[in-house]
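Below is one structure; the comments refer to it alone.
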Amino acid sequence: MDETQDPETYCAGGPVAAAAVPGPVDGPFAECVLCRRPTEYPESTKGSTLCPVCEWQEAQRTACSG
């Protein structure tokens with residue numbers, strides 16, 4: 001790691017692309033990969049789907065604490 005990195009801007013990073021927001025879904029919902037509750041995503045969504053609670057907790061765990 002570059003030791004000359006400014007600590008004020010270390011966590012700021014660049015712009016982060018927002019996750020795709022799903023539209024209204026009428027069909028079956030995918031289940032959360034952590035707690036198995038229904039998510040906001042359709043069953044056809046690829047990748048690891050998380051319910052809103054687990055998604056928030058995961059964001060808290062991975063956030064830069066400075």
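Position 1 is the first residue of the sequence; numbering continues from there.
The heavy-atom pair separating Glu55 from Tyr41 by the smallest distance is OE1-OH, 3.4 Å. Scanning both residues, Thr39 and Glu31, for their nearest heavy atoms gives CG2-C, 3.8 Å. Looking at every heavy atom in both residues, Pro42 comes nearest to Ala30 through O-CB, 3.6 Å.
Taking CZ of Arg36 as the reference point, atom SG of Cys51 lies at 12.5 Å (rounded to 0.5 Å). Taken from SG in Cys54 to CZ in Arg61, the straight-line distance is 7.5 Å, to the nearest 0.5 Å.
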Kindly determine whether Arg37 and Val53 satisfy side-chain contact (heavy atoms from CB on, under 4.5 Å), including the steps that lead there. CA-CA 10 Å; Arg37 286 186 281 196; Val53 173; 3.9 Å; yes
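Residues passing the side-chain hydrogen bond (donor to acceptor under 3.5 Å, both in side chains) test with Gln57: none are found, sequence neighbours excluded.
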